[in-house]
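These values consider heavy atoms only, across backbone and side chains, with no hydrogens, waters or symmetry-generated copies.
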Amino acid sequence: MPSDFIRDIINEHNKTERFGGRVHTRFPPEPNGYLHIGHAKSVCLNFGIAAEYKGLCNLRFDDTNPAKEEVEYVESIIEDVRWLGFDWQDRLFYASDYFEQMYDYAMQLIKAGKAYVDDSSADEIRESRGTLTQPGKESPYRNRTVEENLDLFQRMRAGEFEDGSRVLRAKIDMASPNLNMRDPVMYRILHAEHHRTGSKWCIYPMYDWAHGLEDSIERITHSICTLEFEDHRPLYDWFLDELGVYHPQQIEFARLNLTYTIMSKRNLRQLVEKSDVRGWDDPRMPTVSGLRRRGYTPESIRTFAERIGIAKTDSTIEVALLEHCIREDLNKRAPRVMAVLHPLRIVIDNYREGKIEEMEAVNNPEDPGMGTHKVPFSRVLYIEQDDFMERPPKEFFRLAPGREVRLRYAYIIKCVSVVNDKAGKAVELHCTYDPETRSGEAGSSRKVKGTIHWVSAEHALKAEVRIYDRLFTVENPGDVADVETVLNPHSLQTVTGYLEPSLKSATPGGKYQFERLGYFCVDAKDSSPEKLVFNRTVTLRDTWAKIAKKL
RNA sequence: UGCCGAGUGGUGUAGUGGUAGCACACAGGACUUUGGAUCCUAUGGCCCGGGUUCGAGUCCCGGCUCGGCAGCCA
C-alpha cells in the first residue's frame with residue numbers, strides 16, 4: 001500500500017472517527033473533453049484509495065456548464081474509466097441531478113441573509129472585486145431585503161431575465177485577502193440547452209457553490225482535487241457550514257506534468273481542431289483513448305500512477321518513466337514476432353532455390369508457457385537496413401562485407417557481396433549460409449557477435465506500420481506561447497513493413513514485440529484483415545543507438 | 001510586493017528528533033541466438049542563515065526561490 005500525505009490524513013480521520021471509519025471518494029470530471037493521463041492519475045488515486053480502505057468511489061459528472069459540455073465526452077469518459085479497470089457499480093451521478101436541491105439550498109442561504117441577487121454587469125463585478133493587493137467594493141445591490149432577493153431569484157429561475165443581467169452572490173466579505181471570498185457568484189443566467197436537463201433550467205450553479213453540495217449530497221468523505229483549488233477550500237467550507245449540512249474534507253494534490261507533453265484541455269483541443277493530430281484518440285495524444293490506441297495497457301498506466309506518487313509539490317515526470325512502465329508490462333506478456341520495417345533484400349546464394357524450412361521461434365523468452373511458433377525460411381530474405389553497414393566501426397557487430405551474423409532462429413550467414421545503386425546505397429546483399437548452424441542443431445553452438453531478425457521475402461505479409469515519436473520538440477511545450485511552433489514534424493512516420501506470416505491472424509488491439517524493434521499493436525480503428533495497420537507503442541531500449549551516438 | 005502553498009540526487013518520491021531509502025534516468029560490468037530482458041556495481045541529494053537539542057531533512061525564527069489566485073470556466 002502506497003504511503004503519501006493523503007493516506008496519512010485518511011488514517012488520522014479513521015483514528016479519530018471523523019467519518020466513522022468510512023472512506024468514500026469520487027472522480028468528478030467535467031464532460032468537456034477527453035480524459036488524459038493526468039486525469040488517469042486522479043482516477044487511480046480516487047478509486048485506488050477507495051479500494052484500499054474498502055470504501056467506495058463514485059463517478060460523477062460535474063456538468064454545471066451547458067455551454068461547454070457534450071454527451072460525446074461523457075461517453076468517452078465512462079469508457080476510459082472502465083477501461084482503466086475501475087468500477088463505480090450503481091454510483092454514476094451527475095451534478096445536474098442535484099439542481100433542484102441546490103436551488104433549495106440557495107433559497108435557504110438567501111433566507112439566512114447570506115446571499116443576494118446582484119444586478120451588476122460582469123464588468124462591474126470584475127471592477128468592484130478589487131485586486132490582489134486592494135480590497136473590493138461592495139455592490140450597491142448587496143443590501144437588498146430577503147424578500148426582494150427571494151423574489152428576484154425565483155424570477156431568475158423562471159426565465160424572466162436575460163443572460164448576464166443578474167447573478168446570485170454569496171454575501172461574505174469584499175475585503176477578504178482571499179479573492180474567492182469576495183462575494184462569489186453562485187448562479188448565473190444561461191438560456192442554454194443542457195445535455196441532460198434540456199431547457200428545464202436557465203440558471204446554472206457555479207463550481208464553488210455546486211461542488212461542495214455534490215460531495216455533501218453523496219456523503220463523500222474525502223474530496224480530492226488539484227492544487228489550484230486550495231484557495232477555494234475556505235469557500236467550500238463556508239457554504240457547507242452556513243448551510244449546516246454534511247461536510248466532507250477537501251484535500252488538494254499536485255496535478256501531473258509530463259515532459260514533452262501538454263496536458264491542458266485547451267491545448268489538446270487545439271491540436272485536434274487544427275488537425276495537428278487525427279483526433280482525440282490519435283496515438284500521439286496523452287489522452288487515455290490515445291494511449292489505449294497506441295498500445296498502452298491499463299495495468300501499465302496504473303503502475304505508472306502508483307510510481308509517480310502523490311504530493312503537493314509541483315513537478316514534472318520524465319516521460320521515460322511512462323515508457324518504462326509499458327515496456328515492463330509488455331515484456332512479460334507480448335508475444336515475439338519478426339518484422340522488417342526498412343527492408344534490405346538479401347539472397348542466400350548457396351541455399352537451394354525453392355527450398356523452404358520451418359524455423360521454430362519462441363513466443364516469449366520471459367514465459368516458456370507461451371510456447372513456440374513456426375517461421376518460414378527461404379533463399380531470399382529481408383533484413384533491416386540498419387543491420388548492415390558497408391564500412392562498419394569496430395563497435396558495430398551486425399552484418400558487413402565479409403562478416404558473419406546469426407539470423408535469429410535460423411542460420412549463421414556471411415555477406416559475400418554488395419549490390420549498390422547509382423547513389424552508392426546498398427540495395428541487395430549476397431550471402432552464404434553455414435548449413436551446420438541451424439538453430440537447435442549440433443553446430444548451432446558456434447558463436448557470432450550479432451543476431452539479427454529477418455523475414456522470408458516470398459512469405460512476408462505487408463502491413464502499414466505507423467512509427468510514432470514525441471509530439472513536441474521541447475521538454476516543456478506547455479510553457480510555450482503557441483504549441484504549433486514546437487510540434488515535431490516527424491512525430492508520425494508511416495512505412496510498409498514486412499511481417500512474418502503468423503501475423504495474418506492478428507486482431508485489433510493485439511500487442512506484439514517486433515524483435516529488436518519495439519512493441520507494436522494492431523490499430524483498433526484502421527486495421528482490417530485485408531490491410532493490417534500497426535502502431536508502434538514504444539521502442540525497445542536501444543543500447544546500440546547510444547553507442548552510435550557517441551561515435 | 002495581498003493571500004495560499006511548495007522546496008530531499010538529473011527526474012520523481014519516502015523519511016514525522018537517531019546510519020538519508022526507493023523508482024526512473026545516467027555510467028560501468030556480468031549474462032545473452034533480441035545490442036531486448038535479467039543481474040551486479042558506481043556516481044549523485046536535504047534552498048540559505050541562525051537557533052533549540054547529546055543529536056535537526058524533520059522543531060523554532062529569519063531569509064531566498066518557485067507555483068497558484070483578480071471567469072457570470074472547472
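At the heavy-atom level, Phe396(A) lies under 4.0 Å from base atoms of the strands shown. Heavy atoms of Gly33(A) sit nowhere under 4.0 angstrom from any nucleic acid atom. No engagement by His453(A) is indicated, since no non-hydrogen atom pair under 4.0 Å with the nucleic acid exists. Within the 4.0 angstrom heavy-atom criterion, no nucleotide atom of any strand lies near Ile412(A). Across all strands, Val167(A) comes closer than 4.0 Å to base atoms (heavy-atom distances). Looking at heavy-atom distances under 4.0 Å, Pro29(A) makes no contact with the nucleic acid at all. Heavy atoms of Glu366(A) sit under 4.0 angstrom from at least one base atom. At a threshold of 4.0 angstrom between heavy atoms, the contacts of Tyr187(A) with the nucleic acid are absent. Among the protein residues, Arg408(A) comes within range of the nucleic acid bases, having at least one heavy atom under 4.0 Å from a base atom. Glu395(A) comes within 4.0 angstrom of a nucleotide base, judged by non-hydrogen atoms across all strands. Among the protein residues, Ser128(A) comes within range of no part of the nucleic acid, since none of its heavy atoms lies under 4.0 Å from any strand.
Between Phe239(A) and Trp209(A), the distance separating the two ring centers is shorter than 6.0 angstrom. Centroid-to-centroid, the aromatic rings of Tyr187(A) and Tyr103(A) stay 6.0 Å apart or farther.
Rounded to whole Å, the distance from CD on Gln250(A) to P on rG5(B) is 13 Å. Taking atom CZ of residue Phe377(A) and atom C1' of nucleotide rU33(B), one finds them 14 Å apart after rounding to whole Å. Protein atom CD1 of Ile413(A) is 17 Å distant from nucleotide atom P of rU33(B), rounded to whole Å. Straight-line distance from the NZ atom of Lys449(A) to the C1' atom of rU34(B): 15 Å, rounded to whole Å. The distance from atom CZ of Phe397(A) to atom P of rU32(B) is 13 Å, rounded to the nearest whole Å. If you measure from atom CE of Met370(A) to atom C1' of rA37(B), you get 14 Å, rounded to the nearest angstrom. The distance between atom CD of Glu515(A) and atom P of rA37(B), rounded to the nearest whole Å, is 13 Å. At whole-Å resolution of the value, CZ in Phe520(A) and P in rG36(B) are 16 Å apart.
Nearest nucleotide to the Lys312(A) side chain, out of rA6(B), rG36(B), rG35(B): rA6(B). For Glu230(A), counting side-chain heavy atoms from C-beta on, the closest listed nucleotide (rG36(B), rU33(B), rC4(B)) is rC4(B). The side chain of Lys546(A) approaches rA27(B) more closely than any other nucleotide in the set rG68(B), rG36(B), rA27(B). With rG36(B), rG15(B), rA74(B) as the choices, the nucleotide that has an atom nearest any side-chain atom of Phe229(A) turns out to be rA74(B). The side chain of Asp4(A) approaches rA14(B) more closely than any other nucleotide in the set rA27(B), rU33(B), rA14(B). Here the side chain of Thr543(A) is nearest to one of rC4(B), rA74(B), rG36(B), namely rG36(B). Among the nucleotides rC4(B), rC73(B), rU34(B), the one closest to any side-chain atom of Asn65(A) is rC73(B). Distance from the side chain of Asp542(A) is smallest for rG35(B) among the nucleotides rG35(B), rG5(B), rU34(B). With rG36(B), rC69(B), rU33(B) as the candidates, the nucleotide lying closest to the side chain of Thr451(A) is rU33(B).
Crowding of Glu358(A) atom CD: a count of heavy atoms from other residues, nucleotides or ligands under 6.0 Å exceeding 12. Within a 6.0 Å radius of CZ in Arg142(A), more than 12 heavy atoms belonging to other residues, nucleotides or ligands are found.
In this structure, the side chains of Lys312(A) and Phe253(A) stay at 4.5 Å or more apart for every pair of heavy atoms. Contact of the Leu291(A) side chain with the Thr287(A) side chain is not registered, since no non-hydrogen atoms from C-beta on lie closer than 4.5 Å. A heavy-atom distance below 4.5 Å is found between the side chains of Trp280(A) and Arg269(A).
At rU33(B), one or more side-chain N or O atoms of Lys447(A) fall inside 4.0 Å of OP1 or OP2 (strictly under the cut-off). In terms of phosphate contacts, Arg126(A) brings no side-chain nitrogen or oxygen within less than 4.0 Å of OP1 or OP2 of rC72(B). OP1 or OP2 of rC24(B) lies within a sub-4.0 Å distance of a side-chain N or O belonging to His324(A). For Arg129(A) and rG71(B), the shortest distance from a side-chain N or O to OP1 or OP2 is below 4.0 Å. Between Arg333(A) and rA37(B) there is no side-chain N or O to OP1 or OP2 distance below 4.0 Å. For Thr131(A), no side-chain nitrogen or oxygen approaches OP1 or OP2 of rG2(B) to under 4.0 Å. Look at Thr64(A) and you'll find a side-chain N or O under 4.0 angstrom from OP1 or OP2 of rA74(B). OP1 or OP2 of rC73(B) has at least one side-chain nitrogen or oxygen of Arg188(A) nearer than 4.0 Å.
Comparing Asn32(A) and Ile310(A), the nucleotide of RNA chain B nearest to each residue sits closer to the 5' end for Ile310(A). Residue order along RNA chain B, read from the 5' end via each residue's closest nucleotide, puts Arg233(A) first among Pro365(A) and Arg233(A).
For Glu228(A) against rG5(B), a side-chain-to-base donor-acceptor contact under 3.5 Å is absent. Interface remark: the Gln513(A) side chain does form a donor-acceptor pair with the rU34(B) base, using a distance-only criterion of under 3.5 Å. Judged by distance alone with a 3.5 Å cut-off, no donor-acceptor contact links the side chain of Arg516(A) to the base of rU34(B). Between the side chain of Arg398(A) and the base of rG35(B), at least one donor-acceptor pair of N or O atoms lies under 3.5 Å.
Near RNA chain B, meaning a heavy atom under 4.0 Å away, the residues from residues 205-217 of chain A are Pro205(A), Met206(A), Tyr207(A).
Cation-pi contact between Arg196(A) and Tyr94(A): present, with separation from the ring centre below 6.0 Å and deviation from the ring axis of at most 45°. For Arg169(A) and Tyr116(A), the positive end is not near the middle of the six-membered ring at less than 6.0 Å and at most 45° from its axis. The cationic atom of Arg327(A) (NZ for Lys, CZ for Arg) does not lie both less than 6.0 Å from the six-membered ring centre of Tyr519(A) and within 45° of the ring axis.
Among the duplex regions that RNA chain B forms, those built from at least three successive Watson-Crick or G-U pairs under 3.5 Å are B:2-7 with B:64-69, B:10-13 with B:21-24, B:27-30 with B:38-41, B:47-51 with B:59-63, ordered by first number.
Taking the P atom of each, rA23(B) and rG62(B) are spaced 39 Å apart, rounded to whole Å.
The glycosidic torsion of rG71(B) lies within 90° of 0, placing the base in the syn range.
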With the criterion being N/O to N/O and under 3.5 Å, what pairs connect the protein with nucleotides 9-12 of chain B, and how long is each?
unit_1	atom_1	unit_2	atom_2	d
rG10(B)	N2	Glu318(A)	OE1	3.1
rU11(B)	O4'	Glu318(A)	OE2	3.0
rU11(B)	O3'	Thr316(A)	O	3.1
rU11(B)	O2'	Thr316(A)	O	2.9
rG12(B)	OP1	Thr316(A)	N	2.7
rG12(B)	OP1	Thr316(A)	O	3.3
rG12(B)	O5'	Thr316(A)	O	3.1
rG12(B)	O2'	Ile308(A)	O	3.1

